[in-house]
Q: 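My structure is below; once you've seen it, I'll send some questions.
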2 protein chains.
Amino acid sequence: MRLTSKGRYAVMALVDLARFDGINPVSLRDISLRQGISLDYLEQIFSKLRKKEIVQSVRGTQGGYILNRNAKEIKLTNIFDAVDEKVKTVQCKKDSKKGCNGKSTKCLTHNLWDELETHINNFFDKKSLDDLVKENLERRL
Amino acid sequence: MRLTSKGRYAVMALVDLARFDGINPVSLRDISLRQGISLDYLEQIFSKLRKKEIVQSVRGTQGGYILNRNAKEIKLTNIFDAVDEKVKTVQCKKDSKKGCNGKSTKCLTHNLWDELETHINNFFDKKSLDDLVKENLERRL
DNA sequence: TATAAACCTGACCAAAATAGTCAAGTATCA
DNA sequence: TGATACTTGACTATTTTGGTCAGGTTTATA
């Protein structure tokens, strides 16, 4: 059970960006250098973040990205969702109420995996980008 | 972020086995049929479970596997550990207190991933095989 | 004591997911 | 008009996953 680097990078990049929020657009190049993430890869990630209206782009020289909403309103859930980082504990379709893997009964542990998913998603629902920036500032004091 | 089927299968198989605990050894063939998991794959999984002393094998005809400890004492953590299903949220080495990815400072989100890992492991630490069997019996009433 | 059931082991392999790179743009500011 | 920075889509190498396969060994029981 591991987190993919796409999800991790997305959060890292957004925390980096959020620290300059309201001051000026932050270029991917800067984020790339500071966070050690390839520029090309960041572009892929930010394309998704923009489509989900988490960030806004500013083109041209001195351009970059800015947050599209208040950092308090951006939860980890939103970020992971944008970059297709999904919490997946079962193979079987979520919506098929009855039956797992073509069987007539739910698999013995189906409930367990549902619980696990909920447990993890709770964590993601609670944490906002703002929380992360603040925690970070505190650590530096 | 997904659970691998090795981990999922291990838990499914052990719940199946635990239901017959104390009665007689359960053959992998039976588990394979009931749970729809390939016999060869189950053998791989049980080899690991045996090495970690979660199950005991009984060879020969009428043989199979039995739990090696009380179902209450077997936590999900132990099972996942045995089959190398690890919760991994960071790439950087856990033990390097200072520095992430060769940098002099911790990455901005290092704390976050540690928290997430703890959050998930809490879930695994609490659930025992016995809990799962009981939940399953209740559901069938 | 033969034989079949069941465990045991290690090698092997295909498909999917991951983690990017690369190329060729377009927009905008100075 | 050039440099900076966003935009897009195709491509690809590597790793992980999810197994299969072949060849054992052990032991109950008929």
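The figures that follow rest on heavy atoms only: side chains count, while hydrogens, waters and symmetry mates do not. To find a chain, count down the sequence lines: A is the first, B the second, and so on, and within it residues start at 1.
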Q: My understanding is that only residues two or more places apart in sequence, or in another chain, count here; which of them pass side chain to side chain donor-acceptor pair (under 3.5 Å) with Ser27(A)?
A: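 Checked Ser27(A) against side chain to side chain donor-acceptor pair (under 3.5 Å); zero matches.
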Q: Near DNA chain C, counting only heavy atoms under 4.0 Å, which residues of residues 63-71 of chain B show up?
A: Gly63(B), Gly64(B), Tyr65(B)
Q: Rounded to whole angstrom units, what separation is found between the CG atom of Leu42(B) and the P atom of dG19(D)?
A: 10 Å
Q: Any salt bridge between Asp16(A) and Arg34(A), counting N to O under 4.0 Å?
A: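 Salt bridge: yes.
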Q: From the list dA5(D), dT20(D), dT8(D), which nucleotide is the closest neighbour of the side chain of Arg50(A)?
A: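 The closest nucleotide is dT8(D).
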Q: Heavy atoms only, 4.0 Å cut-off, all strands: where does Arg2(B) land among base, sugar-phosphate and nothing?
A: sugar-phosphate
Q: From CD of Glu85(B) over to C1' of dT16(D), roughly how many Å is that when rounded to an integer?
A: 12 Å
Q: So does Lys127(B) pair up with Glu115(A), basic N to acidic O under 4.0 Å?
A: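 Between Glu115(A) and Lys127(B) there is a salt bridge, with a charged N closer than 4.0 Å to a carboxylate O.
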Q: Where the side chain of Gln62(B) is defined as all heavy atoms beyond and including C-beta, which of dA5(D), dT29(D), dA10(D) is the nearest nucleotide?
A: dT29(D)
Q: Pick from Val26(B), Leu14(B), Val133(B): which one makes a side-chain contact (heavy atoms from CB on, under 4.5 Å) with Arg19(B)?
A: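 With Arg19(B) as partner, side-chain contact (heavy atoms from CB on, under 4.5 Å) holds for just one option, Val133(B).
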Q: Does Tyr9(B) make a side-chain N or O approach to OP1 or OP2 of dG19(D) shorter than 4.0 Å?
A: yes
Q: dC6(D), OP1 or OP2 - any side-chain N/O from Ser47(A) closer than 4.0 Å?
A: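 No, because none of the side-chain N or O atoms of Ser47(A) sits under 4.0 Å from OP1 or OP2 of dC6(D).
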Q: Gln44(B) has a side chain; which of dA5(D), dT25(D), dG19(D) sits nearest to it?
A: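 From the listed options, dG19(D) comes nearest.
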Q: Heavy atoms of chain A, cut-off under 4.0 Å: which first and last nucleotide of DNA chain C, 5' to 3', fall inside that, if you could look?
A: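 In short, chain A contacts DNA chain C from dT18(C) to dC29(C).
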Q: If you pin Asp30(B) and Lys51(B) to their nearest nucleotides in DNA chain C, which one's is more 5'?
A: Asp30(B)
Q: Let me know, please, whether Ser38(A) or Gly60(A) comes out on the 5' side of the other along DNA chain C by nearest nucleotide.
A: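 The residue mapped nearer the 5' terminus is Ser38(A).
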Q: Just wondering, do Leu132(A) and Val11(A) contact through their side chains at under 4.5 Å, heavy atoms?
A: yes
Q: Rounded to whole Å, please give me the gap between CD in Glu43(B) and P in dC21(D).
A: 13 Å
